[in-house]
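Here is the structure we will look at.
None of the values given here were measured: they were computed from a predicted structure. Below, chain A is the first sequence line, B the second, and so on; all start at residue 1.
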There are 2 protein chains.
Amino acid sequence: MAASTLSEVARLAGVSLATASRVLNGSSRKPAEDIAERVREAADKLGYVPNAQAQALAKSSSGLIGLIVHDIADPYFSAIARGVQEAARQQNRMVLLASTSGAASDEREAVAAFAARRADSIVIAGSRSVRAEDQQGNAELAAELDRYCRNGGHVGVVGHPIVGASASEGYHVVKVPNEELAAGLAAELAASHDGPFLIIAGPEGLYTSDDRVRGFQRGLADAGRTPAEVIRTGFNRAGGYDAGLALAERIKSSEERLCIFAVNDVMAIGVTAALRPEGVWIPRDATIAGFDDIETLRDFRPALSTVHLPLEDIGRLAAGDPDTPPVSGVVKLRRSTETPAESQI
Amino acid sequence: MAASTLSEVARLAGVSLATASRVLNGSSRKPAEDIAERVREAADKLGYVPNAQAQALAKSSSGLIGLIVHDIADPYFSAIARGVQEAARQQNRMVLLASTSGAASDEREAVAAFAARRADSIVIAGSRSVRAEDQQGNAELAAELDRYCRNGGHVGVVGHPIVGASASEGYHVVKVPNEELAAGLAAELAASHDGPFLIIAGPEGLYTSDDRVRGFQRGLADAGRTPAEVIRTGFNRAGGYDAGLALAERIKSSEERLCIFAVNDVMAIGVTAALRPEGVWIPRDATIAGFDDIETLRDFRPALSTVHLPLEDIGRLAAGDPDTPPVSGVVKLRRSTETPAESQI
DNA sequence: CTGTTAGCGCGTTCAA
DNA sequence: TTGAACGCGCTAACAG
């Protein structure tokens with residue numbers, strides 16, 4: 001990694017280090033055009049590439065923005081990543097990526113690594129948990145973030161504050177109105193569905209999941225319906241799949257049509273995938289709705305009812321983009337929750 | 001970004017800078033245990049986080065690995081990104097991300113930015129093009145990469161060499177046997193399909209697309225079939241969608257069943273999506289196959305025949321992981337190319 | 001407007 | 001074993 005240095009360029013151009021620096025980087029002082037030209041030629045000839053590390057060291061600002069996701073190949077996270085990436089591009093920064101599978105200890109490590117690289121800001125996506133087994137991990141993560149903020153770092157968190165993090169300067173949360181939107185979804189579903197409701201949720205203690213469950217129940221209550229039964233499973237496709245398997249018999253033997261709310265889209269997809277080979281058809285035998293409106297849904301059949309979230313905007317907001325509008329979701333009713341009469345296959 | 005420095009730690013511990021450095025980072029020289037403990041305590045107390053920029057500057061090795069993709073939210077790229085990320089984790093490095101929408105000039109810029117950050121290696125995913133309009137961009141990209149390699153950088157390219165890049169030291173290509181696999185796919189399809197074939201390809205000059213077209217045609221020829229007609233369109237979902245629209249009438253009015261090969265999965269999905277509302281059913285009215293086996297296919301119906309590519313492994317290989325097996329694809333025949341007799345809906 | 005100088009935080013060679 | 005000094009490549013104060 002031994003590229004040519006600024007002093008080599010300066011020497012070749014016959015000028016001082018400072019002048020070369022002023023020419024090649026955006027300085028307020030503008031050297032004379034003829035000398036500038038000479039420097040540029042020299043730089044070009046030597047294939048000079050400024051050492052960003054050294055610049056960062058001298059300026060103490062790295063132009064880096066750290067992004068922490070559970071899994072970059074998950075459509076939910078990759079959509080957010082795209083937003084962060086765009087914001088970074090606008091800010092003339094680069095994105096540092098870390099995937100952690102959601103473990104708080106890994107996230108702490110990632111934050112430390114970002115801090116070590118002096119990232120200007122850090123974006124954390126992925127649901128927060130208050131479960132007992134995560135308590136210590138959360139505390140350590142919070143401490144690490146706190147230190148990072150105290151040292152002047154900016155943190156953007158998607159959804160919920162890190163558990164235990166003090167609301168320091170430079171720490172901001174991109175709020176997602178999960179509860180309200182879930183309530184809205186429940187209201188719209190209750191208007192056209194007469195049977196019972198069932199919620200397939202993530203583990204208790206996951207903020208995002210809990211919020212959506214709470215909101216959905218509230219929406220049902222407001223519509224004068226009895227609360228939905230809640231099944232707890234993994235907050236991913238596999239969890240949905242398991243729940244679907246467990247549910248198949250029950251749906252087939254019952255005469256009431258069930259309306260299922262899976263707290264996110266990939267879980268809804270998992271449920272549907274499990275039900276299909278069992279001969280349970282959506283929306284004929286049961287209806288189902290998800291949450292997030294990930295891009296994958298575009299070509300998923302039956303078209304899945306869900307709540308649209310502007311994931312890219314969320315990423316942009318978390319990355320500190322000022323002219324992105326605040327998060328607002330929209331209920332999207334599609335084929336998967338149509339009533340039988342309209343849904344001839 | 002003013003965290004505490006090594007010299008502060010050293011002062012607090014009452015030792016010299018060098019000693020503190022030796023304790024906190026893996027040096028060959030090991031200081032005495034009692035003094036080491038004192039240093040560690042001091043570091044902990046001050047919340048010391050080593051400045052990776054400064055370390056990189058001193059050691060000239062950044063621990064960074066740059067990744068260039070067209071779009072991080074595209075399942076093809078995000079799967080590769082996951083592989084790169086895993087390899088990086090194993091190597092104790094971090095991933096720097098750049099999305100370029102495929103423009104060679106943007107890619108050049110990204111390479112320069114990575115070089116500026118002294119990334120240890122760079123991974124470039126996304127198809128290469130030899131089209132005339134990309135010629136200059138390609139040349140500049142090749143020059144930039146060449147310079148990077150000469151300065152000791154490592155480059156991993158997925159699929160095809162950068163056009164015009166000299167095979168310098170440290171430059172390696174993860175070869176994907178597109179042609180052979182496409183030929184294999186054609187052979188398997190020809191065994192069960194009697195009607196004509198049609199290929200929906202990307203723009204001429206895109207290596208990946210061209211290879212797959214060539215291979216498919218060869219496979220057909222080997223099976224004694226006449227060459228397939230080739231339709232050129234965009235190398236993405238929208239391109240497939242357009243082609244599907246253009247094809248719908250023709251399929252409906254023809255009596256022969258058409259077997260369509262879209263040169264990648266997202267195009268195949270686009271085709272299918274366009275045909276569906278036109279009343280063209282797969283595989284009843286036509287059959288279709290894609291390429292890549294992206295994760296999205298798992299829940300796409302009708303189950304799409306395709307060629308499975310180990311995308312994560314490809315990412316790992318490009319990132320220089322030594323114990324990842326070489327790329328080998330597998331033809332996957334699924335519902336979308338079943339013959340009518342077996343495919344009662 | 002240009003050149004000189006002092007750091008930015010750390011690794012590493014030298015003496016001690 | 002420990003510490004002092006230099007250099008990594010660059011920016012930003014100065015001085016000229």
Side-chain angles (χ1 to χ4, degrees), chain A residues 1-40 42-43 46-64 112 115-120 151-152, chain B residues 1-39 42-43 46-64 112-113 115-120 151-152:
Chain A
M1 287 282 69
S4 51
T5 75
L6 186 59
S7 60
E8 289 174 28
V9 173
R11 195 187 319 144
L12 188 89
V15 298
S16 83
L17 215 81
T19 307
S21 171
R22 290 195 261 260
V23 171
L24 296 175
N25 310 8
S27 172
S28 43
R29 297 255 157 276
K30 289 284 172 194
E33 187 47 46
D34 55 338
I35 202 79
E37 188 52 37
R38 246 194 9 240
V39 172
R40 253 175 254 127
L46 283 132
Y48 170 72
V49 179
N51 188 326
Q53 316 262 14
Q55 291 184 187
L57 193 56
K59 290 194 298 198
S60 41
S61 150
S62 62
L64 252 29
R117 299 221 137 74
R118 298 301 186 262
D120 298 331
N151 290 338
Chain B
M1 287 285 69
S4 50
T5 75
L6 187 57
S7 61
E8 288 174 28
V9 174
R11 195 186 320 145
L12 188 88
V15 299
S16 85
L17 215 83
T19 307
S21 170
R22 291 194 259 260
V23 170
L24 296 176
N25 310 8
S27 174
S28 44
R29 299 252 159 278
K30 290 284 174 194
E33 188 46 47
D34 55 337
I35 203 79
E37 187 51 37
R38 241 184 25 229
V39 172
L46 288 163
Y48 169 72
V49 179
N51 187 326
Q53 317 261 13
Q55 290 185 185
L57 192 57
K59 290 192 299 197
S60 53
S61 151
S62 63
L64 252 29
R117 297 224 139 74
R118 298 300 186 264
D120 298 331
N151 289 338

> Which heavy atom of A:Ser21 sits nearest a heavy atom of A:Leu6, and at what distance?
Replying inline: CB-CD2, 3.7 Å

> What is the minimum heavy-atom distance between A:Thr5 and A:Tyr48, and which atoms define it?
Replying inline: C-CE1, 3.7 Å

>> Between A:Asn151 and A:Arg118, is the side-chain contact (heavy atoms from CB on, under 4.5 Å) condition met? List the steps.
In response: CA-CA 10 Å; A:Asn151 290 338; A:Arg118 298 301 186 262; over 6 Å; no

>> Using whole Å, what does the distance between atom P of nucleotide C:dC10 and atom CD of B:Gln53 come to?
In response: 11 Å

> Can you check whether B:Thr19 has a side-chain N or O nearer than 4.0 Å to OP1 or OP2 of D:dT2?
Replying inline: no

> If you fit an axis to the five pairs at each end of the helix from C:dC1-D:dG16 to C:dA16-D:dT1, how big is the angle between those two axes, to 10 degrees?
Replying inline: 50°

>> Can you give me the closest heavy-atom contact between B:Asp120 and B:Gly63, atom names plus distance?
In response: OD2-N, 2.9 Å

>> Let's test your reading of the model: under 3.5 Å, does the base of D:dG3 pair with the side chain of B:Arg22 as donor and acceptor?
In response: yes

>> If I take atom CG in residue A:Leu6 and atom C1' in nucleotide C:dT4, what distance separates them, rounded to the nearest angstrom?
In response: 14 Å

>> Between P on C:dT2 and CG on A:Leu24, what's the gap in Å once rounded to a whole number?
In response: 14 Å

> Does a side-chain N or O from B:Gln55 land closer than 4.0 Å to OP1 or OP2 of C:dG11, or not?
Replying inline: yes

>> Distance check needed: C:dG9 P versus A:Asn151 CG, whole Å only.
In response: 11 Å

> Between atom CZ in B:Arg117 and atom P in D:dG9, what is the gap in whole Å?
Replying inline: 17 Å

> How close do B:Val49 and A:Ala115 get, heavy atom to heavy atom, and via which atoms?
Replying inline: CG1-C, 4.0 Å

>> Which nucleotide wins on minimum distance to the side chain of A:Val15, given the candidates C:dG9, D:dT11, C:dG3?
In response: C:dG3

>> For a quick test of reading the model, state the closest non-hydrogen atom pair linking A:Arg117 to A:Leu64 and the distance between them.
In response: O-CD2, 4.0 Å

> In whole angstroms, how far is the C1' atom of D:dC10 from the CZ atom of B:Arg118?
Replying inline: 11 Å

> Between B:Ala58 and B:Leu17, which is nearer to the 5' end of DNA chain D once each is assigned its nearest nucleotide?
Replying inline: B:Leu17

>> Starting the side chain at C-beta, find the nucleotide from C:dC10, C:dT4, D:dG3 nearest to A:Ser16.
In response: C:dT4

>> Heavy-atom nearest nucleotide on DNA chain D for B:Lys59 versus B:Asp34: which residue maps closer to 5'?
In response: B:Asp34

>> Nearest to the side chain of A:Ala18, heavy atoms from C-beta on, is which of D:dC10, C:dT12, D:dA12?
In response: D:dA12

> Whole Å only: how far is the CZ atom of A:Arg11 from the C1' atom of D:dG9?
Replying inline: 13 Å

> By side-chain hydrogen bond (donor to acceptor under 3.5 Å, both in side chains), which residues pair with A:Arg40, not counting sequence neighbours?
Replying inline: A:Glu37

> Which part of the nucleic acid, if any, lies within contact of B:Leu57, taking any heavy atom under 4.0 Å across all strands shown: a base, the sugar-phosphate backbone alone, or nothing?
Replying inline: base

